[in-house]
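Comments concern the structure below.
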Amino acid sequence: MSIWDVKKDSEREEWLFVPHVSVGPLRFGMAPDEVSASLRSNAPISRHVKRTSGNSELVEAQFTKLGVTAYYGKGEVLACVAVDALAGPQVRLDGTALVARVPSEAEEWVCNHTDTHESDLIYTHAADPGSEDLGLILRAQRAGDIVLTRPLFLIREWAQRSWDCIPASEWSTF
């Protein structure tokens, strides 16, 4: 794969998203060693302690080959999962694919979904659509000359304060 290649859906693992509970095999609240075991990996490719804009510490663990970044909050428990648009698993909610989609189509879906389910619709400081009720932010990530969705799956507290909880490195991933 070259730097801009995007995996086809048929080449991706299939995961399900249960809002505020789990993303594929990952359950919110897991410890780092439990996440590694669930991803069938002994250790992440890289692990960094970062400060958020709210000046609290968090741990970021990148599982590059899997296309997954795990963010651990207070007490080093899983609080957020970012799925890479290029190489990450395909994550579905109510049968809808959320990874590597055209952002305008994903935005239309989240608008319709939140309206139908009478849940909130939010936009982040970066104009990314999402929902605190779902614990979902649909970010955009560059894939050569196009952009595709890079969803963030979050616990409710982080969804309500995403700017303060998620590190600048995630917001600048494009």
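Only this structure's heavy atoms are used, side chains among them; waters, hydrogens and symmetry mates stay out.
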| query | Atom NE2 in His125, atom OG in Ser162: separation rounded to 0.5 Å? | reply | 7.0 Å

| query | Any donor and acceptor pair, going by atom type alone, linking the side chain of Glu11 with main-chain N or O of Lys8 inside 3.5 Å? | reply | yes

| field | ILVMFWY network linking Val21 to Val81, side-chain heavy atoms under 4.5 angstrom | value | no

| field | Short N-O contact, Arg101 and Glu107, less than 4.0 angstrom | value | no

| query | Asn112: what forms a side chain to side chain contact (heavy atoms under 4.5 Å, CB included) with it, not counting sequence neighbours? | reply | Glu108

| said: Any non-hydrogen side-chain atom of Val35 less than 4.5 Å from a side-chain atom of Asp33? | reply: no

| said: As an exercise, state the distance from CD of Glu60 to OG1 of Thr69, rounded to the nearest 0.5 Å. | reply: 6.0 Å

| request: Supply the atom-to-atom distance Leu152 CG to Tyr71 OH, rounded to the nearest 0.5 angstrom. | output: 7.0 Å

| task | Please report the closest heavy-atom contact between Arg139 and Trp171, naming both atoms and the distance. | result | NH2-O, 3.1 Å

| query | Passes side chain to side chain contact (heavy atoms under 4.5 Å, CB included), Val91 versus Leu93? Steps please. | reply | CA-CA 7 Å; Val91 182; Leu93 174 62; over 6 Å; no

| Any chain of hydrophobic side-chain contacts (each under 4.5 Å) joining Trp15 to Val18? | no

| Any donor-acceptor pair under 3.5 Å linking the side chain of Ser172 with the backbone of Ala168? | yes

| Can you find a heavy atom in the side chain of His117 that is under 4.5 Å from one in the side chain of Asp94? | yes

| message | Once you measure the plane-to-plane angle for Trp109 and His113, does it fall in the parallel (<30°), tilted (30-60°) or perpendicular (>60°) bin? | response | tilted

| field | Inter-residue atom distance Leu66.CG - Glu13.CD, 0.5 Å rounding | value | 6.5 Å

| Would you say the side chain of Asp133 lies within less than 4.5 Å of the side chain of Pro19, judging by non-hydrogen atoms? | no

| field | Nearest non-hydrogen partners of Thr149 and Leu98, listed with the distance | value | OG1-O, 2.7 Å

| said: If I compare all heavy atoms of Val83 with all of Gly88, which pair ends up nearest, and what's the gap? | reply: CG1-CA, 3.9 Å

| request: Check step by step if side chain to side chain contact (heavy atoms under 4.5 Å, CB included) holds for Arg12 and Val99. | output: CA-CA 10 Å; Arg12 296 173 186 264; Val99 179; 3.6 Å; yes

| request: Indicate yes or no for a side-chain donor-acceptor contact from Glu170 to the backbone of Pro167 under 3.5 Å, with no hydrogens or angles considered. | output: no

| field | Ser169 backbone acceptor or donor facing Thr173 side chain under 3.5 Å | value | yes

| task | Could you tell me the separation between the CD1 atom of Ile155 and the SG atom of Cys80, rounded to the nearest 0.5 Å? | result | 9.0 Å

| said: Less than 4.5 Å apart, side chain to side chain, heavy atoms only: is that true for Leu58 and Cys165? | reply: no

| message | Are Val110 and Leu138 packed together at the side-chain level, in the sense that at least one heavy-atom pair is separated by less than 4.5 angstrom? | response | yes

| said: Assigning hydrophobic clusters by single linkage (Ile, Leu, Val, Met, Phe, Trp, Tyr; side-chain heavy-atom cutoff under 4.5 Å), is Leu134 placed with Leu26? | reply: yes

| request: Heavy atoms only: give me the nearest Ala85-Leu148 pair and the separation to one decimal. | output: CB-CB, 4.0 Å

| field | For the student: nearest non-hydrogen atoms of Ala79 and Trp158, plus distance | value | CB-CE2, 3.5 Å

| message | So, taking the atom named NZ in Lys65 and the one named CG in Leu39, what distance separates them when rounded to the nearest 0.5 Å? | response | 14.0 Å

| remark: Heavy-atom closest pair (Trp4 atom, Gly144 atom, distance to 0.1 Å) is CE3-N, 2.8 Å

| task | Applying side chain to side chain donor-acceptor pair (under 3.5 Å), name anything that partners Glu14, two or more places apart in sequence or on another chain. | result | Arg92

| Evaluation steps, side chain to side chain contact (heavy atoms under 4.5 Å, CB included), between Cys111 and Leu121 | CA-CA 7 Å; Cys111 288; Leu121 172 66; 3.7 Å; yes

| message | Angle between ring planes, Phe17 versus Phe153, binned at 30° and 60°: parallel, tilted or perpendicular? | response | tilted

| Linking I/L/V/M/F/W/Y whenever any side-chain heavy atoms sit under 4.5 Å apart, do Leu154 and Trp163 land together? | yes

| task | Please check if the side chain of Gln160 supplies one atom and the backbone of Glu132 the other of a donor-acceptor pair under 3.5 Å. | result | no

| request: Determine whether Met30 and Val59 fall in the same hydrophobic cluster, where Ile, Leu, Val, Met, Phe, Trp and Tyr are linked whenever their side-chain heavy atoms lie under 4.5 Å apart. | output: yes

| Worked verdict on Gln141 versus Arg150 for side chain to side chain donor-acceptor pair (under 3.5 Å) | CA-CA 6 Å; Gln141 179 181 344; Arg150 173 191 175 87; 3.2 Å; yes

